[in-house]
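Worksheet for the structure shown next.
So you know, we letter chains A, B, ... as the sequences are listed, proteins then strands, and number each from 1.
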Amino acid sequence: MTSNGSTTTKDGLSNVNVTAALDVEGNVPLESVQLDGLVVLKIIKHCREFFPSPVTGQLLGLDVNGVLEVTNCFPFPGSKADDENEIVDGARYQVDMMRCLRDVNVDHNTVGWYQSTYLGSFVTHKLIETQYNYQQTFNNKSVVIVHDVSRSTHGNLSLRAFRFTRAFMEAQKEGKFTSESLIKNKLTFSTIFEELPITIKNSHLVTALLHSLDDYEHVIPKASSLDKETVVGPLTPNFDTLELSLDPYIEKNLEFLLEAVEEHSQEQSNFAFWQRSVVREQAKMQAALQKRKQENAHRLAAGQDPLPEEDIAKMFKFPPEPSRLDSLLITSQINNYCKQLNQYAGPTLGKLFMAGEFQK
Amino acid sequence: MPIDAATSALNLSFPPTTSATGFVVPQSRSFTVSVNPVVLFSILDHYLRRQENQHRVIGTLLGVRSEDGSEVEVRNCFPVPHDESQNQVAVDMVYHQSMFELHKKVNAKEVIVGWYATGSNLNQWNALIQDFYSKEVSPPFQAIHLTMDTDLKNEEKLLGVKTYVSAPIGISAKPENCLFLPVPCDVKYFDAERSGLDLLASAKDQTDRSTSLISDMDNLEKTILVVQEMLERISEYVNKVLDGSVPANNKVGRFLMDTISVVPKIDKVEFEKMFNSHLQDLLMVVYLANMTRTQLAIAEKLQLLV
């Protein structure tokens, strides 16, 4: 945020806050995310245009006293291939864009990134990697905002802000997800992400704009213009929420859920296979150890030196434990789907009964 | 929905006239402009972040045109730094070019359609800048000029959004001579943007100008309340008409009639069947989802116990 005079800052109050907060920046952990109206619309626009393929973009802003203020954002170009050129291009694009935005007094401080998703299926390896990089670079002060286009078309905006918990950051830093490290870090599927509450703030001018747009809502169409069906103000009440045909949505959701459960059971069987092979190897080792002990007893009885027992342990190799990250992610995804279904079913039940009443 | 109802200009469409040399003269073609709300928000944000001594800001409008050129959709925009003084104006062309290149990487479909400026009055600099943008726009089309009255000095105290195209005047065409012709303009958005805009609009009457996301359930409640209010209003109106205290309006009556006839007539038994099967499906899904979640929760607890 620029601080030259009252014209460029949002308002005098936050100006004071900024200077007061500059000293403590870096110490206060993030507690919530505050989005500018512009950011919300820009994210929605970008995500909608490329729906259903996922898109990403950068968030710009500042953190002030534990509140991450996101004041602007820009989209990343869609990547077709993961070759070298593409990555270099992407980096140059980012640098150029930041430079250009700085020239027009936009906050040029990266605070995170956003991603679009289809029906809440956002817990992927790619997201984990990217967010890990962001959070490492920006000292845990970065969030990922997930926008669900398919849900938003049903009338209620779906935006969620996430960041990793400290436990997950540590586990990811070590780069191994074995049962031991999971227990050590107390890491379960519900402690991968922390969700931060989102508030949305409009500038004074935007408020003015909304009011001017709203004025048309109150203008009752005169009798002569009633036959024009196009007299619809942009802010007339939205009845998309009352849509009754929600079966496709639930169906798709269940489909995804099934898929996830299947993947999960596959992970489980992988894990069980590993466990069995470990047990088998252990049994073999024990048997060998027993044999060596008997042999030694014989040799002792015969007055010979006993053979060493240590090298037996070296003869057997335990298979490495498979990474538990996948199963963690899948469980968290399943959890997401279930939650989503529940959230969805509530209003749908209400609507169903309402429709029932209407028919009577 | 026209944003600017105040304009008294009549927009008549000429058939494309052919001049003596056989070229189609594009100026005579009328078209409408629709603006995505994100553009208006961006302009206001740019205006807020202007330099201290700057009185107005300008920028480039990006968008798409319908095939016949009769409708221009302004979908995006970016600010362009410029410097205005008593006797000259300087626009940062390099900045404009590089920013356009960057935007093209993200969305190649959007092309330059015109430019915006804040403030409501048009002056000689507008003509000069318009001349520049006319060269940027692909030939058969015209550059659009969009103004937004950020000073709020007009009579209605509204952020009047106006769009213009230019026409050359005078015998010899000079860049600084041009006539700005108003064109109709409305706001256009998509379903997904609608929900975002609704949410933003819910903050407009708050003193702290902020709002938080609401759950689906709360949203539904809000919508139902609105519907209820509307029903009450209309039944009040109908009752008044029946009383004779308000003269009946045929048009309103016709609208009511249309609305009522939209309600489908379904056999009661049939409906009961549909209703129940739906209810069962839904409850089943909820049950299964909850069960899965419980399973996961147990697994989580067990994992930590080991």
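The contact between L159(A) and chain B is made by backbone and side chain atoms together, counting heavy-atom distances below 4.5 Å. Proximity to chain B (any heavy atom under 4.5 Å) is restricted, for F76(A), to the backbone atoms N, CA, C and O. Neither the backbone nor the side chain of D281(B) comes within contact range of chain A; no heavy atom of the residue lies under 4.5 Å from a heavy atom of that chain. For a residue to count as touching a neighbouring chain, one of its non-hydrogen atoms must lie under 4.5 Å from one of that chain's; by this rule L341(A) touches chain B with the side chain only. Looking at L254(A), only its side chain comes within 4.5 Å of chain B, counting heavy atoms on both sides. Both the backbone and the side chain of R75(B) come within contact range of chain A, judged by heavy atoms closer than 4.5 Å. Contacts of N72(A) with chain B are made by side-chain atoms alone, with heavy-atom separations under 4.5 Å and no backbone atom involved. The contact between E110(B) and chain A is made entirely by side chain atoms (from C-beta outward), counting heavy-atom distances below 4.5 Å.
Within the 3.5 Å criterion, the main-chain N or O of V55(A) finds a donor-acceptor partner in the side chain of S116(A). A side-chain donor-acceptor contact under 3.5 Å links Y95(B) to the backbone of C100(A).
With sequence neighbours excluded, the residues satisfying side-chain hydrogen bond (donor to acceptor under 3.5 Å, both in side chains) with H82(B) are E84(B). Applying the side-chain hydrogen bond (donor to acceptor under 3.5 Å, both in side chains) rule to H96(B) yields the partners T60(B), E136(B); only residues at least two apart in sequence or on another chain are considered. With sequence neighbours excluded, no residue forms a side-chain hydrogen bond (donor to acceptor under 3.5 Å, both in side chains) with Y337(A).
Residues from residues 287-295 of chain B that place a non-hydrogen atom less than 4.5 Å from a non-hydrogen atom of chain A comprise A289(B), N290(B), T292(B), R293(B), given in numerical order.
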Could you go through the side-chain contact (heavy atoms from CB on, under 4.5 Å) check for M99(B) and L101(A) one step at a time? CA-CA 9 Å; M99(B) 201 66 169; L101(A) 288 176; 3.9 Å; yes
List the steps, then state whether salt bridge (Lys or Arg N to Asp or Glu O under 4.0 Å) holds for D96(A) with R92(A). CA-CA 6 Å; D96(A) 285 352; R92(A) 193 180 307 138; 5.8 Å; no
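Across all their heavy atoms, T71(A) and L38(A) have their closest contact at O-CD2, 4.3 Å.
When the candidates R99(A), K45(A), E49(A), K42(A) are compared by the number of heavy-atom contacts under 4.5 Å with chain B, K45(A) comes out ahead.
Rounded to the nearest 0.5 Å, atoms SG (C73(A)) and CD1 (I43(A)) are 5.0 Å apart.
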